[in-house]
Amino acid sequence: ILARIEAMGATSVHVHSRPVTDAELTTLINDTMGLSRDDVRAIEHTLPDIEHVAYRVQHTLGVTDMPLPAHEVKVYGVSESIFSAHALDVARGEQLAPLHHLHGHRVAVIGAGLAKKAFANQDPIGKVIRLDYSYFTVIGVLATRQEGGDTAPQPAQGEEPSQSPSPLSKSLLGGEEDDDASDAGASGGAIASSYEDAVLVPFDVLEAELMPLRTYHELDMISVEVGSTEQ
């Protein structure tokens, strides 16, 4: 059981932003800006022995040229270490690399579910997709998740992937959670499964190309990865 928990990210602590109403925001904004990269820097300074600090923010997509409704596509701006902290593996292509972040490349890694829906029997690698009014090149496809939080190989053409976790894996994942509204109480495995229909792009590129300036909670989540469950 411990091995399965660790495979799903038990060595990561996830700090989520809390959605607030406009009425609350007028009071809160005087005391806090919500989660931000200032918090990331503070964590790195305060806890020098951690493995990684990762962060992300979700963008609400308005339009896309992929053959599915824009509201069904989650777009995340992510930091370099999100793949490690959220136990994400790439099944095809490559993950977002430091150079992509450093030079602001418009590249994307997409979830396995999205790849299947948007590209059917085509290879998504190298395809250009429209997100709002910017274009991104797909460089990688995430591996699917299977029982125990392990990654599974991509199914062969015409073959359906298994989507039925055991009662044990459901309990470790916190039950049958749905989307980001339930992520706050979910394990690392449930967070990883939220990327099935997602597009991951470098955080700074999302901020520059797609996301309007935020007055509150620059980030949706900060994940702190340590070396062991004891830490």
Side-chain angles (χ1 to χ4, degrees), residues 9 12 37 40 51-146 149-157 159 161 180 188-189 191-211 219-221 223 225:
S12 294
R37 281 179 288 182
V40 174
E51 300 285 326
H52 300 287
V53 180
Y55 54 88
R56 79 178 194 193
V57 66
Q58 183 174 354
H59 170 67
T60 301
L61 187 64
V63 292
T64 179
D65 61 358
M66 289 183 284
L68 68 166
H71 70 268
E72 293 183 10
V73 182
K74 297 178 182 178
V75 180
Y76 292 110
V78 301
S79 65
E80 295 177 33
S81 50
I82 204 80
F83 291 86
S84 175
H86 289 183
L88 302 176
D89 291 320
V90 173
R92 283 176 281 168
E94 60 180 307
Q95 68 181 46
L96 300 176
L99 281 177
H100 298 141
H101 293 266
L102 181 64
H103 296 297
H105 294 164
R106 287 185 296 195
V107 293
V109 173
I110 64 176
L114 180 61
K116 183 178 179 182
K117 293 175 185 176
F119 297 100
N121 297 322
Q122 303 177 58
D123 184 0
I125 305 300
K127 293 287 194 300
V128 176
I129 58 175
R130 176 184 171 186
L131 304 176
D132 286 344
Y133 299 99
S134 293
Y135 292 85
F136 292 78
T137 301
V138 177
I139 61 169
V141 177
L142 295 175
T144 57
R145 308 286 299 184
Q146 66 179 10
D150 298 327
T151 54
Q154 298 297 305
Q157 184 174 335
E159 187 178 311
D180 290 317
I191 291 170
S193 68
S194 74
Y195 293 114
E196 274 292 295
D197 293 317
V199 180
L200 280 65
V201 302
F203 182 91
D204 287 336
V205 177
L206 178 80
E207 193 173 53
E209 297 283 339
L210 304 176
M211 193 172 67
L219 307 175
D220 290 343
M221 184 191 304
S223 297
E225 185 184 6

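Treat the numbers as computed from the prediction; the structure is a model and nothing was measured.
- To the nearest 0.5 Å, atoms NZ (Lys117) and CD1 (Ile110) are separated by 11.5 Å.
- Contact of the Ile139 side chain with the Val90 side chain is not registered, since no non-hydrogen atoms from C-beta on lie closer than 4.5 Å.
- When all heavy atoms of Tyr133 and Arg130 are compared, the closest pair comes out as CE2-NH2, 2.9 Å.
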Enumerate, atom names and distances included, each donor-acceptor pair closer than 3.5 Å involving a side-chain atom of residues 200-207, sequence neighbours excluded.
residue: Asp204; atom: OD1; partner: Arg37; partner atom: NH1; Å: 2.9
residue: Glu207; atom: OE1; partner: Arg37; partner atom: NH2; Å: 3.1
residue: Glu207; atom: OE2; partner: Arg37; partner atom: NH2; Å: 3.4

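- Note: His52 NE2 to His86 NE2 = 12.0 Å, rounded to the nearest 0.5 Å.
- In this structure, Ala112 and Leu142 approach most closely via the heavy-atom pair CB-O, 3.4 Å.
- Side chain to side chain, Ser84 and Glu225 meet the donor-acceptor criterion of an N or O pair below 3.5 Å.
- A donor-acceptor contact shorter than 3.5 Å links the side chain of Asp132 to the backbone of Gly62.
- Thr137 contributes no side-chain N or O that, together with a main-chain N or O of Gly126, makes up a donor-acceptor pair within less than 3.5 Å.
- Going from atom CD of Gln95 over to atom CG of Asp89 covers 8.5 Å, rounded to the nearest 0.5 Å.
- Within the 4.5 Å cutoff, side-chain heavy atoms of Met66 are placed close to those of Leu131.
- Side-chain contact between Thr64 and Val199 is absent, with no heavy atoms from C-beta onward closer than 4.5 Å.
- Within the 3.5 Å criterion, the main-chain N or O of Gln58 finds a donor-acceptor partner in the side chain of Asp220.
- When all heavy atoms of Glu94 and Val109 are compared, the closest pair comes out as O-CG2, 3.5 Å.
- Lys127 places a side-chain N or O within 3.5 Å of a backbone atom of Asp123 that can act as its donor or acceptor partner.
- The main-chain N or O of Val73 is never found under 3.5 Å from a side-chain atom of Asp197 such that the two would form a donor-acceptor pair.
- Using a distance-only test at 3.5 Å, with no hydrogens or angles considered, no donor-acceptor pair links the side chain of His101 to the main chain of Pro98.
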Report task. Please assess Leu210 against Phe136 for the test side chain to side chain contact (heavy atoms under 4.5 Å, CB included), listing each intermediate value before the final yes or no. Result -> CA-CA 11 Å; Leu210 304 176; Phe136 292 78; 4.2 Å; yes

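- In terms of modelled atom types and a separation under 3.5 Å, the side chain of Ser81 and the main chain of Val53 share a donor-acceptor contact.
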Query raised in the report: Stepwise, does the side chain to side chain contact (heavy atoms under 4.5 Å, CB included) test hold for Tyr195 with Arg56?
Result: CA-CA 12 Å; Tyr195 293 114; Arg56 79 178 194 193; 2.8 Å; yes

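- Nearest approach of Ile125 to Arg92, heavy atoms of both residues: CD1-O, 3.9 Å.
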Requested in this report: Give the C-alpha distance, both sets of side-chain angles, the deciding distance and a yes or no for side chain to side chain contact (heavy atoms under 4.5 Å, CB included) between Thr144 and Glu196.
Outcome: CA-CA 7 Å; Thr144 57; Glu196 274 292 295; 4.1 Å; yes

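- In this structure, the side chain of Ser223 does not engage the main chain of Ala54 through any donor-acceptor pair within 3.5 Å.
- Not a single side chain to side chain donor-acceptor pair (under 3.5 Å) links Asp65 to another residue, sequence neighbours left out.
- Counting all heavy atoms, side chain and backbone alike, His59 lies closest to Met211 at ND1-CA, 4.2 Å.
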